2 protein chains.
Amino acid sequence: MLVTGTGETVPAIRPDYPEPLWIQAVNLIRGEIDSGVLKPGMRLPPERELCTQLNISRVTLRKALGKLVDDRVLSSSHGRGWYVSSASVGKEWPNSLESFSETAARMALTASSTVLRAQSAPATLDEAEELSIAPGTPLFHLERIRRLNDVPIAIDATRLPLSLAPDLVDTDFSEASLYERLAAAGVQPARADAIIEARGADAAIAKALGVEVAAPVLMMRQLVLDADDRPLFVSSITYAGDRYRLRTYFSRSRS
Amino acid sequence: MLVTGTGETVPAIRPDYPEPLWIQAVNLIRGEIDSGVLKPGMRLPPERELCTQLNISRVTLRKALGKLVDDRVLSSSHGRGWYVSSASVGKEWPNSLESFSETAARMALTASSTVLRAQSAPATLDEAEELSIAPGTPLFHLERIRRLNDVPIAIDATRLPLSLAPDLVDTDFSEASLYERLAAAGVQPARADAIIEARGADAAIAKALGVEVAAPVLMMRQLVLDADDRPLFVSSITYAGDRYRLRTYFSRSRS
DNA sequence: AAGTGGTCTAGACCACCCC
DNA sequence: GGGTGGTCTAGACCACTTA
């Protein structure tokens, strides 16, 4: 609808907000791309025209376009216009701190878990330092075998202060999503520092994942932080080498 | 100057731009933090007050603040104010991966290379598609064993269109840095898509790295892009599993 | 109720690209 | 020169926090 611009379609943006206008604009443009109306490489209508079509101001539109640049969906060229990014990758990964369940959903697979451990224990000195808490603080240990369509993919060992969400001890994590439960408790992960390495599987890992001992596994240790860079929890995920790939993207400092 | 706000200091922002006002504001606030005038955890003056101090509009100020949020320098809290992020680490990366040379520098080790291959060959169909070029276009193949203090750490296989920097064929890469040469030729990498996986070493890799066959290795394949998302080159790096860790950080999509 | 960030607008001028 | 993105402004109203 954006590209044809016959001029008479209903704007589809409601000023009496359920959501901010610029987010509605983001979703609307994303929709045009996902539905194939806007194809990779195509030029968008000029900003001023989009403004009248969407019935929003140029500042608001540009906030939406900026978000889509961050997500690598669009790019701009000064005197020329806005273009849909050619990368076929573009639609998949905004920039992932994606939970296992979210990944599964995106790939249209069924995620399930076997809980190996789900109990509270006092924080050791090392754990306390890593999480900026007092030693002895109750720490919830959650260890799960993560499966996609029942195939074991990874072992996830997460440790987090019980104070973040005290009801975790009563949760059945063979079905529940940790990130969902945390969200319900008002915990909002924003970033994670990660260290990634390749190792050979030891006996315990080999058994849990159903691979040979010494088979290559990918191990990622994460420290997850909130928007103010306060540590939330640590997580150590071991992936069967031949069953998973991490995807990410890097960028150099923007001006 | 920002925090004391006696009201009589010169704005230090010049409207007759060498740089956009919002970038000047970013640098000015960064400076206050780096110089210790603003310390981690401190609250900034209200936006409207900063506007009059810096003599810029609120929209412009907020663009600067938004950039500083991206860089993890500041964070906001709705009815409360703007705060300097606590993490001292955060100054560098927007979203980055530590490069081989950077790792060497951090560990105070010496980086060196053995060139396995440095020659031009016509692009295959697959390569052409990946790089959005015509099949048969001359492609420069650079394969190196990367060492730290003479210990082999990784094999780096990079393929790039010779047109990017024709003098690459005459360069001695046992010493030279590829990124430096590209920068000299005006090539500016902006982002990279990466896929990371764990594998077992095959015979060639095992020999080059001096590890057992089937030993775990970390393989990272990158597609490096410029600011407009045009593909520049592809790079495939295989690390000996017990000799290297990748460090990165993720962030969750901002709303 | 006062203070503060979050969103939004209408209009202006500049810099770049292409004809 | 005409079209397009990039920057900037002054002012308005809303939502959240704190007292």
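On a predicted model such as this, the values are computed, not experimentally measured, just so you know. So that the names make sense, note that chain A is the first sequence line, chain B the second, and so on, each numbered from 1.
Proximity of a side-chain donor or acceptor of Ser77(A) to a complementary backbone N or O of Arg80(A) within less than 3.5 Å is not detected. When atom types are taken as modelled, the side chain of Ser132(B) and the backbone of Ala128(B) share no donor-acceptor pair closer than 3.5 angstrom.
If you take CZ of Arg62(B) and C1' of dC14(D), they are 13 Å apart, rounded to a whole angstrom. dC14(C) atom P lies 19 Å from atom CD1 of Ile23(B), rounded to whole Å. Between the CZ atom of Arg43(A) and the P atom of dT4(D) there is a distance of 6 Å, rounded to whole Å. Rounded to an integer number of Å, the gap from CD1 of Ile56(B) to P of dG11(D) is 16 Å. Between the P atom of dT7(C) and the CG atom of Leu65(B) lies a distance of 13 Å, rounded to the nearest Å. Rounding to whole angstrom units, CD of residue Glu47(B) and P of dC13(D) are separated by 18 Å. Rounded to whole Å, atom C1' of dG5(C) lies 11 Å from atom OH of Tyr83(B). When the C1' atom of dG5(C) is taken as reference, atom CZ of Arg80(B) falls 11 Å away, rounded to whole Å.
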Quiz item: Run the side chain to side chain contact (heavy atoms under 4.5 Å, CB included) check on Leu50(A) and Leu44(A) step by step: do they pass?
Solution: CA-CA 9 Å; Leu50(A) 282 172; Leu44(A) 271 66; 4.2 Å; yes
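Between Ser76(A) and dG6(D) there is a side-chain N or O to OP1 or OP2 distance below 4.0 Å. Between Lys63(A) and dC8(C) there is no side-chain N or O to OP1 or OP2 distance below 4.0 Å.
For Ser120(B), there are no side-chain hydrogen bond (donor to acceptor under 3.5 Å, both in side chains) partners at least two apart in sequence or on another chain.
No side-chain heavy atom of Ser113(A) sits less than 4.5 Å from a side-chain heavy atom of Phe173(A). Using a 4.5 Å heavy-atom cutoff, the side chains of Arg181(A) and Thr171(A) are in contact.
Under 3.5 Å, the side chain of Arg58(B) and the base of dG6(C) form at least one donor-acceptor pair of N or O atoms. A donor-acceptor contact under 3.5 Å is formed by the side chain of Arg48(A) with the base of dG5(D).
Mapped onto DNA chain C by nearest heavy atom, Val59(B) and Gly79(A) fall at different nucleotides, with Val59(B) at the one closer to the 5' end. Along DNA chain D, the nucleotide closest to Trp82(A) and the one closest to Thr60(B) are compared, and the more 5′ of them pairs with Trp82(A).
Annotation for Glu175(A): atom CD does not count as buried by contact number, only 12 or fewer foreign heavy atoms lying within 6.0 Å.
For the helix from dA1(C)-dT18(D) to dC18(C)-dG1(D), the axis fitted to the five pairs at one end and the axis fitted to the five pairs at the other end meet at an angle of 10° (nearest 10 degrees).
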